[in-house]
Amino acid sequence: MTPSVVRRLALVLFTVSAVGCRSRDLGPSGGVLVVSAGADAETLFPPLAVGSQGRAVTELLYDKLADIGPSLNTIGDAGFVPKLAKSWEWSADSLTITFHLDERARWHDGRPVTAADVQYAFRVWTDSAVGAVQRVALASVDTIAAPDPRTARVHFRERTPEQFYAFVYTLIPLPAHRLSAIADTALHDAPEVRAPVGSGPFRFVSWTPRARLELAANRAYYGGSPRLDGVVFVVAAQGATVAARLFAGEADFLEQLAPPDFAQLPADGQVRARAYGGFDYSFVQFNLRDARAGDLPHALFGDVALRRALTMAVNRTAIVRSVFDTLAHPAIGPFSRTQWTADTTLRGIPFDRAAATQLLDSLGWRDLNGDGVRERGGRTLAFSLLVPASSRTRQAAAVLLQAQLKAVGAAVTIEQADFNAFLDRAHRGAFDALVGGVRTSPSPRGVRDLWGTPGPARGGQNWGRWSNATFDAQVDSALAATSTAAVRAHFRAAYQAAIDDAPAIWLYEPRLFAGLHRRLTVGPLRPDAWWSGVASWSIDPAQRLPRDRRAAGTP
């Protein structure tokens, strides 16, 4: 596939509406943006940042070589916005892309960003000892050469429609002069990582884990000084507190309003809701391995028939209506319907309580002692459901799930944990089932990280350790295909395999609404990354508050 063909494909494939121009004039400079956050960044180290807060912070601190453009195109390079790379060019066979770095780009300590930083980042990202979950996205990259300090030449093993996207969207250059002397295995907790020196529009000031994180404007930013003086993330462990801070004027922005928040929006118009699409979906993920017995199958969820029976017992439409009213859709499978490979015609497992009951009976699960809970072989049909305390919607869904599963004789205990503890248990596989949610990337390739067979060479966030050879093969074929029809066909087969094997109950796809204080002026919010335009946001001088008089990071 030649670059020109790749670019033409991009124009044909995507009809996602434009989300605007990042350079739009949004007002005067000054003021500190306060973001009310339901969870803390799990890390400030880009290779390990997978949660929304972690990505928001690291992508304000560090720049990519190029970023996805307003069209959200992932095929070829059409619409991509230059960042650290001011330009790039393809080889005739599309197996090499040469990036020319912006000579004005500097790390926050004043050192220039060089091709060696790109090489170093590639080494770190692909080192299994580091454990970057997105490293599988870089599997098609062979080597990176640095013919001179301003030129990074990326050689690919194979041509794929998304090779440009996969590289620039994943790999964030890291400051080799500050980190390369540290062993890769020690990077997680290195002081240089916890007080990072980045290349982006904001620089690090301070971090009190699970409480407050401050960034200040990088006035020497090569892309132009941010309008804001700084950004502060204030963390609340309880979901209700997150919105309350915004309504009370203690914060300016909330990433996502929960359905109950709409009824509490202040009548004075101080806070407004802004829709910005959605790449999110939520699910009940079954742990297919026993957390207490290594790689042995889970006593309940190792059985696909039981998983299907529990799925049939859940009325997802009723849950969506109860929790979201019209602000969400029932989920279909391991994807968001806004992704271009989404298929709404797939065969799902329908809600059918009678069929679920019959299937459980046939599997030998019966209520032998009349207490309402089924037993088999001395084990009760009981399990725990882990839920993040910061998410009111997932908590509400969990309560409804508990009631619906009780109706077929399954006893569910709901466990709440703050978001960081939730993530820790998920990563360790220390759960029976959990109510999870993801914000997918614009590309469908992320499904391999989330649901593909995990392994030391593949990375991934497949917390339930589901493994399905058909799914893996179809996803791999889709990511290697060069025609849109073939890509769609392979993803359709992969999605259907996941739905049929029921590693999860696909719950809902919420529509995203941010909460904004009226003193804040923002541009378009990108569905996959609301923070992408923060450097151009502004705060009305007439509505400045005492907290704005002190720029973040100044004494």
So, the side chain of [X] versus the backbone of [Y]: is there a donor-acceptor pair under 3.5 Å, distance only?
{"X": "Q339", "Y": "S443", "result": "yes"}
{"X": "N218", "Y": "G200", "result": "yes"}
{"X": "D142", "Y": "F156", "result": "no"}
{"X": "R157", "Y": "V141", "result": "yes"}
{"X": "S441", "Y": "G446", "result": "no"}
{"X": "D117", "Y": "T114", "result": "yes"}
{"X": "S532", "Y": "A529", "result": "yes"}
{"X": "Q163", "Y": "S94", "result": "yes"}
{"X": "E42", "Y": "G51", "result": "yes"}
{"X": "D290", "Y": "L296", "result": "no"}

Roughly how far, to the nearest 0.5 Å, is the [atom2] atom of [Y] from the [atom1] atom of [X]?
{"X": "S180", "Y": "L174", "atom1": "OG", "atom2": "CG", "result": "10.5 Å"}
{"X": "E162", "Y": "D77", "atom1": "CD", "atom2": "CG", "result": "13.0 Å"}
{"X": "S29", "Y": "R227", "atom1": "OG", "atom2": "CZ", "result": "6.0 Å"}
{"X": "D102", "Y": "S199", "atom1": "CG", "atom2": "OG", "result": "11.0 Å"}
{"X": "W466", "Y": "N287", "atom1": "CH2", "atom2": "CG", "result": "14.5 Å"}
{"X": "R245", "Y": "D252", "atom1": "CZ", "atom2": "CG", "result": "12.5 Å"}

Could you tell me if the side chain of [Y] sits less than 4.5 Å from the side chain of [X], heavy atoms only?
{"X": "V57", "Y": "L213", "answer": "yes"}
{"X": "F286", "Y": "D432", "answer": "no"}
{"X": "L72", "Y": "D528", "answer": "yes"}
{"X": "R106", "Y": "R104", "answer": "no"}
{"X": "Q256", "Y": "R439", "answer": "yes"}
{"X": "L48", "Y": "H188", "answer": "yes"}
{"X": "D280", "Y": "T440", "answer": "no"}

Looking at [Y] and [X], is any side-chain nitrogen of the basic one under 4.0 Å from a carboxylate oxygen of the acidic one?
{"X": "R526", "Y": "D67", "value": "yes"}
{"X": "E89", "Y": "R153", "value": "no"}
{"X": "R428", "Y": "D424", "value": "yes"}
{"X": "D229", "Y": "R219", "value": "yes"}
{"X": "R123", "Y": "D184", "value": "yes"}

>> Set out, in order, the CA-CA distance, both residues' side-chain angles and the distance that settles side chain to side chain contact (heavy atoms under 4.5 Å, CB included) for L65 and Y169, then state yes or no.
In response: CA-CA 8 Å; L65 290 171; Y169 197 83; over 6 Å; no

> For residues T96 and H155, is any side-chain donor paired with an opposing acceptor at under 3.5 Å?
Replying inline: yes

> Any luck finding a side-chain donor-acceptor pair between S71 and N73 under 3.5 Å?
Replying inline: no

Centroid-to-centroid, [X] to [Y], below 6.0 Å?
{"X": "Y281", "Y": "F283", "answer": "yes"}
{"X": "F335", "Y": "Y495", "answer": "yes"}
{"X": "F80", "Y": "W88", "answer": "no"}

Below 3.5 Å, can you tabulate the donor-acceptor pairs from side chains in residues 144-151 to any protein atom, sequence neighbours excluded?
from, atom 1, to, atom 2, distance (Å)
D148, OD1, R150, N, 2.8
D148, OD1, T151, N, 3.1
D148, OD1, T151, OG1, 3.0
D148, OD2, T151, OG1, 2.9
R150, NH1, V113, O, 2.9
R150, NH2, E103, O, 3.4

>> side chain to side chain contact (heavy atoms under 4.5 Å, CB included) for F471 and D501? Distances and angles first, verdict last.
In response: CA-CA 10 Å; F471 177 86; D501 213 23; over 6 Å; no

Provide the closest heavy-atom pair for [X] versus [Y] in the form atom of the first, atom of the second, distance.
{"X": "S52", "Y": "E255", "value": "OG-OE2, 2.8 Å"}
{"X": "P527", "Y": "L512", "value": "O-CD1, 4.2 Å"}
{"X": "T341", "Y": "R488", "value": "CA-NH1, 4.2 Å"}
{"X": "V235", "Y": "D40", "value": "CG1-N, 3.7 Å"}
{"X": "L60", "Y": "F233", "value": "CD1-CZ, 4.1 Å"}
{"X": "L101", "Y": "K86", "value": "O-CE, 4.0 Å"}

> Knowing that exactly one of F253, W531, F202 qualifies, which makes a ring-ring contact (aromatic ring centres under 6.0 Å, His included) with W537?
Replying inline: F253

> Taking it one step at a time, do F99 and F167 satisfy ring pair (Phe, Tyr, Trp, His ring centres under 6.0 Å)?
Replying inline: CA-CA 12 Å; F99 292 92; F167 180 71; 5.7 Å; yes

>> Between R448 and D472, is the salt bridge (Lys or Arg N to Asp or Glu O under 4.0 Å) condition met? List the steps.
In response: CA-CA 7 Å; R448 182 163 61 180; D472 291 342; over 6 Å; no

> When you look at D63 and L84, which way does the side chain to side chain contact (heavy atoms under 4.5 Å, CB included) test go after all the steps?
Replying inline: CA-CA 6 Å; D63 263 354; L84 291 175; 3.7 Å; yes

>> Going by the rule salt bridge (Lys or Arg N to Asp or Glu O under 4.0 Å), which residues pair with R210 if we only count those two or more places apart in sequence or in a different chain?
In response: D418

> Would R55 and V50 satisfy side chain to side chain contact (heavy atoms under 4.5 Å, CB included), going step by step from the backbone distance to the final call?
Replying inline: CA-CA 6 Å; R55 285 189 58 215; V50 295; 6.0 Å; no

Enumerate donor-acceptor pairs with a distance under 3.5 Å from any side-chain N or O in residues 189-198 to protein atoms, sequence neighbours excluded.
none

> Could you go step by step and tell me if Y120 and F122 meet the ring pair (Phe, Tyr, Trp, His ring centres under 6.0 Å) rule?
Replying inline: CA-CA 5 Å; Y120 170 71; F122 178 64; over 10 Å; no

>> For R178 and D109: C-alpha separation, side-chain torsions, deciding distance, then whether salt bridge (Lys or Arg N to Asp or Glu O under 4.0 Å) applies.
In response: CA-CA 10 Å; R178 300 186 71 93; D109 61 5; 3.0 Å; yes

